[in-house]
Amino acid sequence: MDIEVQKTTFGDESKSIPSYVLDDLSSRFIINSRPEEVTSIIRIFFLVENAYWFYLDFHRAENPDLKECSLKEFALNLISHCPQLKQYTLEFDKHFEAWKQYKRTIATCGAIILDQDLKHVLLVQSFSSKNSWGFPKGKINHNEAPEDCAAREVLEETGFDIKPYMDPQEYLEKFSNEQISRLYIVAGVPINSTFLPKTRREIRDIQWFPMDTLPTHRGDQTLKEAVGQNLNLYTVTPFLRSLRIWIKNRSLEMSTMTSKQRNRQKQQKQFSQPSHGVYQEFSQLKKGKSAAKNLFTQKTSTSSVRYSKEIDVQEANVKQSKRAMTVFQSLFGTKDGRPVADFKAPVVDTNSFHSKVWHDFVIDEDALMEGFPHEGTYCLPFGQQRELVAGK
């Protein structure tokens, strides 16, 4: 039955993948894989996909006469050939569709790479489509951290290591069709950097695009007028509006820091002569004051980057809540909204300030003096007294 399936799918044997190629791929990706990798059909299809890319990148590159087929055709051919996987050929279509559906839900991670002036963004062109451009990104592996996935995918697709420029807290995130796409914002990359893909048949081209030419909606024709043709940016457009807000806030922050540096130099010159310690204290106070004002620069462990509108709403809520607080609430909290109990001082009887025990107390001076050491005696640790013998 397996032979019939193979003939039905591929027709003439001369046009199918040779057995020696399937033996090599089975040995590389299936037979010698870890046992837990072949226990689930979902994980098996990921191994088959890796074998498919290896077949295109190496076997067909060395021998162009080999059959050019789709991933589904290749998967059926390899599964039918491998003894460990033949059991899945009976319901192959069902398994393949289930794997494709699962693959669509896997989170993707990548990077939005900006130059030092925040005026250009790096996009990569898909190898399979000449007009499709997007951010460098890819699917996350099992038990892989999102920032590690982003750095790995960018390195594979561009040959550039973003880790020295990367801030794990700065990213944009979008949820669409049961899939999360997280793109880390990597700013300050030199525009003359060298980019070269490390994978074959995945990235066709890598280019810097001016930010002011990228469209934020379908009707925007700015990019078409600049390049002379329509480019497919359907994975880029949803992030552009939020990205421009981020760039605006970052540019404002950078200009503010520049002016603060100039002011700090003037203040340092002014305060250095009277007292260096006073200036240090003044700088710390100024630094704390500026950090409290700029909520955008505060790092959070939550999902995506906060923007100006959200910050304005948050600041308004904070100011409103502070105005409504009492002194006690601002210091000790509201305690679930319960009213603060009024303090009542205890009633004190001013006529009973003396103690009944010490009333009419009299000191017996004679008895007290007898207790002190006198000539001819000395005190022992336990209060016992012993007569001293003269001459001994």
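Note that the structure is predicted; figures quoted are calculated from it, not measured.
- Among all heavy-atom pairs drawn from V236 and G134, the shortest one is CG2-CA, 3.5 Å.
- Using a cut-off of 4.0 Å between Lys/Arg side-chain N and Asp/Glu carboxylate O, R28 and D24 are scored as salt-bridged.
- Remark: side-chain polar atoms of N232 are paired, donor with acceptor, to backbone N or O of Y234 under 3.5 angstrom.
- In this structure, R244 and L214 have side chains that are in contact, with non-hydrogen atoms separated by less than 4.5 Å.
- Crowding of W53 atom CH2: a count of heavy atoms from other residues, nucleotides or ligands under 6.0 Å not exceeding 12.
- Contact check for I17 versus F74: side-chain heavy atoms found under the 4.5 Å cut-off.
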Working for side-chain contact (heavy atoms from CB on, under 4.5 Å), residues Y184 and F135: CA-CA 10 Å; Y184 290 88; F135 299 112; over 6 Å; no

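- With hydrophobic clusters built from ILVMFWY side chains whose heavy atoms lie under 4.5 angstrom apart, F29 shares a cluster with I42.
- Shown here are the side chain to side chain contact (heavy atoms under 4.5 Å, CB included) partners of P18, two or more places apart in sequence or in another chain: Y20, V21, L66.
- Looking at E49 and K103, a side-chain N of the basic residue comes within less than 4.0 Å of a carboxylate O on the acidic one, giving a salt bridge.
- Between the side chain of S27 and the backbone N or O of D23 there is no donor-acceptor pair closer than 3.5 Å.
- When atom types are taken as modelled, the side chain of N63 and the backbone of D65 share a donor-acceptor pair closer than 3.5 angstrom.
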Run the numbers on Q179 and K139 for side-chain contact (heavy atoms from CB on, under 4.5 Å), then give the verdict. CA-CA 10 Å; Q179 184 184 50; K139 297 185 183 299; 3.3 Å; yes

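- Taking a cutoff of 4.0 Å between a charged side-chain nitrogen and a carboxylate oxygen, K72 and D93 qualify as a salt bridge.
- Under a 3.5 Å cut-off, the side chain of R182 and the backbone N or O of E173 do not form any donor-acceptor pair.
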For a salt bridge (charged side-chain N to carboxylate O under 4.0 Å, His left out) check, start with the C-alpha distance between E157 and K137, then their side-chain angles and the critical distance, and finish with the verdict. CA-CA 8 Å; E157 296 187 2; K137 61 184 178 67; over 6 Å; no

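- Note that CD of E91 and CZ of F96 are 15.5 Å apart. Values are rounded to the nearest 0.5 Å.
- Interatomic distance, CD of E153 versus CG of D148, reported as 12.0 Å (0.5 Å rounding).
- Here the side chains of E37 and R43 are in contact, with some heavy-atom distance below 4.5 Å.
- Q101 places no side-chain N or O within 3.5 Å of a backbone atom of A98 that could act as its donor or acceptor partner.
- Side-chain contact between Y171 and L183 is absent, with no heavy atoms from C-beta onward closer than 4.5 Å.
- Inspection of the S181 and T108 side chains reveals an N or O donor paired with an N or O acceptor under 3.5 Å.
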From CA spacing to verdict: ring-ring contact (aromatic ring centres under 6.0 Å, His included), F160, Y165: CA-CA 11 Å; F160 187 82; Y165 303 87; 5.8 Å; yes

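- Hydrophobic clustering of Ile, Leu, Val, Met, Phe, Trp and Tyr side chains at less than 4.5 Å, counting indirect connections, unites L56 with F54.
- Panel note: side chain S242, backbone F239; no donor-acceptor pair is recorded below 3.5 Å.
- Of the possible donor and acceptor atoms, none in the side chain of D115 sits under 3.5 Å from a partner among the backbone N and O of V189.
- In terms of modelled atom types and a separation under 3.5 Å, the side chain of Q125 and the main chain of W133 share no donor-acceptor contact.
- In this structure, N77 CG and T89 OG1 are separated by 12.0 Å, a value rounded to the nearest 0.5 Å.
- Using a 30° and 60° split on the angle between ring planes, W99 and F45 fall in the parallel class, below 30°.
- For the pair N141 and C149, the minimum side-chain heavy-atom distance is 4.5 Å or more.
- Residues I247 and M254 are members of one and the same hydrophobic cluster, defined by side-chain heavy-atom contacts under 4.5 angstrom among Ile, Leu, Val, Met, Phe, Trp and Tyr.
- Put simply, CG on L85 and OG on S26 are 7.5 Å apart, with the number rounded to the nearest 0.5 Å.
- Put simply, Y88 and L71 are part of the same group of oily side chains (I, L, V, M, F, W, Y) that touch within less than 4.5 Å, one to the next.
- The shortest side-chain heavy-atom distance between H59 and L25 falls under the 4.5 Å cut-off.
- Taking the six-membered ring for Trp and thresholds of 30 and 60 degrees, F46 and Y102 have ring planes more than 60 degrees apart, a perpendicular arrangement.
- Taking 4.0 Å as the cut-off between side-chain N and carboxylate O, E156 and K198 do not count as a salt-bridged pair.
- Salt-bridge formation is detected for the pair E144/R152: a Lys NZ or Arg NE/NH1/NH2 atom is positioned less than 4.0 Å from an Asp or Glu carboxylate oxygen.
- The CZ atom of R34 sits 9.5 Å away from the CG atom of L47 when rounded to the nearest 0.5 Å.
- The closest side-chain heavy-atom distance from Q84 to I30 is below 4.5 Å.
- Distance CD1/I113 to CD1/I162: 6.0 Å, rounded to 0.5 Å.
- Between K86 and I79, every side-chain heavy-atom pair lies at or beyond the 4.5 Å cut-off.
- Residues I191 and V186 share a hydrophobic cluster, clusters being chains of Ile/Leu/Val/Met/Phe/Trp/Tyr side chains in contact below 4.5 Å.
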